[in-house]
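Since the structure comes first, as C-alpha cells, the remarks are kept for the end.
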Amino acid sequence: MDKTPIQVLFIEDSEIDVELALRALDQGGFDVSWECVEVEEELKRALSLQRPQAILSDFSMPGFDGMEALRLAKEMAPGVPFIFVSGTIGEKRAIEAIRLGATDYVLKDNMRRLGTSVRRALSEASERELVRIGEEERARLVQVLEATSDYVGISDPSGKIIYMNAAGRKLTGAPPSGDVGKSASDIYPRWASERVEGAGRHAAERDGLWHGESALLGADGTEIPVSQVITAHKGSDGAIRFFSTIARDIRERKAYEARLQYFANYDPLTGLPNRSLLGDRALQGIAHAKRAGRPTALLVIDLDRFKLVNESYSHGAGDTLLRMVADRLRGAVREGDTVARLGADAFAVLATDLARPDDVSAVARKIREAMHSPFWLEARDLHVTVSIGASVYPRDGEEFDILLRNADAAMHRVKAEGRNGFQFYAAAMTRQATDRVELENELRLALGKGELEIHYQPQVVLADGRIVGVEALMRWNHRGRGWIPPGQFIPIAEDSDLIHPLGEFALTEGCRRIRAWSDAGFASLRLAVNVSAQQFRSAGFVEAVGRALRAAELEPACLELELTESVLVENREEAADILKRLKALGVQIAVDDFGTGYSSLSYLSRLPIDCLKIDRSFVSRVNERGHDAAITQAVISLAHSLAVRVIAEGVETAEQLEFLRTHRCDQGQGYLFSPAVDPEAMAKLLAAGSLEPDEQSAAKLK
Ligand code: C2E
Ligand code: CA
Ligand code: CA
C-alpha cells in the first residue's frame, strides 16, 4: 500500500523523541518529510518559509514553551493541525491546550496513537478547508450582489422575500439589514404584481426562467419600470426551494424611447406634429370624412421669401420666425385641426369635418389673416406672406400621399403666379371654388378701379305711390364679366375682410348722393343702407356711420340701416349695445328680410327698431291665401301696435299691392314700382315725385 506523503514540522528539543515519532508515523502509513525547530526564532522562520501539513510539538522544552508555540502557530499557520506530543502534559493543561486551538495531544508512552491522530487531524483540516473555501466563495458572491446596481431578491416558494440586496433595499425602502419584512406583492404596483406573480412565476416554475418587463414600487411610491428575470431554483427532488429575481431599472431607456417616439412624431423646433404624424391624423380624418360624409382638406403653407430672412437676419432668426409662424398657425385653425411642419419653411394644416369643400377658402383666409400683422424680429417689423395650396378629400385624392402631393402642386402654382395667395389643386375641381378665389382677388381691385356702383330702388307710400325713400343696392360692373349681382359678390366680401371697405363705400356714397339730391330740391328723402353682420360688429362701425353723415352733412334721421334678424339675435347683449349707440347718433333701424329668421317678435319689440321689412317670399305668396298671408297680416298689425313702420319687399303685382293696401301696410318697394336704377335714372323718378304701379314692366323684370 502506498504511503501518504506528509510534511511535518517538529517543535522538539530531543532528537530521540523526533526519531520515535517518525517511526510511529511510518508505522501509521506516512511517508514523512520533516524539519525540526527548538526555539521561537526558528519556528517563526520555518513558518514564514513554508506551511507544513501538521505541526507536532513537545509541551515543555528548556528554551520554548509549548503554549507559546501553539499561539504562534495559530497566528502564522491557521488551519494547520497542531498536535502536542508530550510525556508530561496533565489533564488540566491538555484541556486548556485544546481550548486554545490544539488539535489533539498524544502521550509519548502511547506513541502508536500518533498515526491515527495525525490522519484524523488531516481529514478534519481538509474538511475545514473546504468549508472555509465555501464560505469565502459565498462571502464574495454576497459582496458582488450587494455591490451590483440591479435589484436582486430571493423569495421562498410562498413569496416571502428572504433576501434583498443593497440596491433592492434602497429602491424599495426596506430596512438596510436584517428582516426584509416585505412580501413579493409589496414591492410591485398592482398590475406588475399580477404579471410577475401570475405569468412570471408560472413560467419560471414550468421553464425554470421568466423574462419580461414589469415595475417595482419605489420607496416614495413611484413606479420604476424594470426589465426582470425570475428563476425558480429546484432541489434534487424537483421541488422548488426558492425563487430569485434580478430586475434592472430601465427608466432611462424608457425615457429615451419616449424621446425617440417624440422625435419620430414631432418637429423639435416648433413642437408641431411632423409629416409622419400628419399622415396618421390624415388617415383618421379620411376615415371620419367617409363616415360623416364631410370633406377633409389638406393645406400646404409655404412662407414666401424665407431665404431672405436667413440671409438678412442673424443666425437663429429664421428659427425664431418659424416658431412664431407655428404659433400663429395654431391660433388660426380650429381645435380639432392639425397644424404640422413638413420641412424647412413649409407647414401643413389638416382641416376636418368641413361643411363643404368651399370652406377651405375660409381656412386659407384665416391663415393669411393670421400672418397679416408684422412679426417683431430682432427689433424690426418683418412682413411675412404665405403661399397656400389645398386639396380636398375625396375630390382631389383618396390617400394622404396624393392629397399632400396635390396640395403641394397647388402651392407651387401660387408661387409661380407671384406668391402670396391661395389655390385649390386642379382648376377644374370646382369651377365655383376657383371662381370664388378669383372673384375675391378681382373684387379687391374693383373698388380702386371704380367698378363698384350704388344703384337705388325707390320705396313708396302704398296708398299713393309717393317716393319717400331709396334703398342703396351695390352693383359691380366687371370689365370682363359685365354686371355681377350682389348675391354673388357680397357673400365673398363677407367671407373676407373686403366687406369693410365695400360697406363703407355704400354708406358714404349713399349719403353723398342723398345730400346731392337734397341740394337739388328733393328734400326729406330717406336712404336705406344694407349692413352685414361683420360690419355691424366690427370695431369702429358706429364711428364710420357718424363720419359718413358728417361728411355729407346729412340729417341722421335720413339714414336707415337695414339689419337682418340674425344679426340682432346673435349675441344679444352686444347687438343691443351697438343699436343703442347707433340710436344715439340719431339714425333709424330697419329689420331686413323679416320673417325668415325665426326671431321672436317679443324680443325684437324690446329693441329700438323703426321699421320692419316683410321679406319678399311672404309678399310673393300673399294672394295664395295660405299662412303667408296670415303671417303678413299679423306682422302688419303687430308692427302698428308697436308703432313701427312696415315696408313690403318685392311687390310685383297689382294683386299683392291690393292685399297690402287692404291690410294697411304703409310702404313698399318692388318691381311693380321700379327696380334699383342708377343715380341718373333715380333722379328722373324723383323729379316725377311718385310712381304708378306698372305690372307689364314688373313682369319683364322677373
Ligand atoms: P336685400 O337687402 O333683400 O335687397 C333687396 C333685393 O331684392 C335686391 O336685390 C333688389 O334688387 C331685389 N328686388 C327688389 N324688388 C324686387 C322685386 O319686386 N322682385 C324681386 N324678385 N326682387 C326684387 P339685389 O340688389 O340683387 O341685392 C341682393 C342682396 O344683396 C340684398 O338683399 C342685400 O342683402 C345685398 N346687398 C346689396 N347691396 C348691398 C350693400 O351695399 N351692402 C350689403 N351689406 N349688402 C348689400
Ligand atoms: Ca335690404
Ligand atoms: Ca330684404
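In listed order, ligands and their atoms are each counted from 1. When a residue number appears, it is its place in the shown sequence, counting from 1. Predicted, not measured: the structure shown is a model, and the values here were computed from it.
Of all the heavy atoms of Q669, none lies under 4.0 Å from any atom of ligand 1, so neither backbone nor side chain is involved. Of the heavy atoms in D592, only side-chain atoms (C-beta onward) come closer than 4.0 Å to ligand 1. Counting heavy atoms under 4.0 Å from ligand 1, residue M474 touches it through both backbone and side chain. Residue contacts with ligand 1, taken as heavy atom pairs separated by less than 4.0 Å, involve S532 via backbone and side-chain atoms alike. Contacts with ligand 1 closer than 4.0 Å are made by side-chain heavy atoms of R616 only, the backbone lying farther away.
Salt-bridge formation is detected for the pair R515/D519: a Lys NZ or Arg NE/NH1/NH2 atom is positioned less than 4.0 Å from an Asp or Glu carboxylate oxygen. Salt bridge present: K415 and D302 bring a charged side-chain N and a carboxylate O closer than 4.0 Å. Salt bridge R526/E555: absent, no basic N to carboxylate O contact under 4.0 Å. Under a 4.0 Å N-O distance rule, the pair E440/R444 qualifies as a salt bridge. Looking at R616 and E652, no side-chain N of the basic residue comes within less than 4.0 Å of a carboxylate O on the acidic one, giving no salt bridge. Salt bridge annotation for E509-R513: present, with a cationic side-chain nitrogen under 4.0 angstrom from a carboxylate oxygen.
At least one heavy atom of E649 sits less than 4.0 Å from an atom of ligand 1. The shell of residues lying under 4.0 angstrom from ligand 1, judged by heavy atoms, includes Q457. Within the structure, the closest approach of E471 to ligand 1 falls below 4.0 Å when heavy atoms are considered. Every heavy atom of K702 sits 4.0 Å or more from the atoms of ligand 1.
When F505, F536, F673, Y671 are ranked by how near their heavy atoms come to atom 16 (C) of ligand 1, first place goes to Y671.
Qualifying salt bridge (Lys or Arg N to Asp or Glu O under 4.0 Å) partners for R294, counting only residues two or more places apart in sequence or in other chains: D353.
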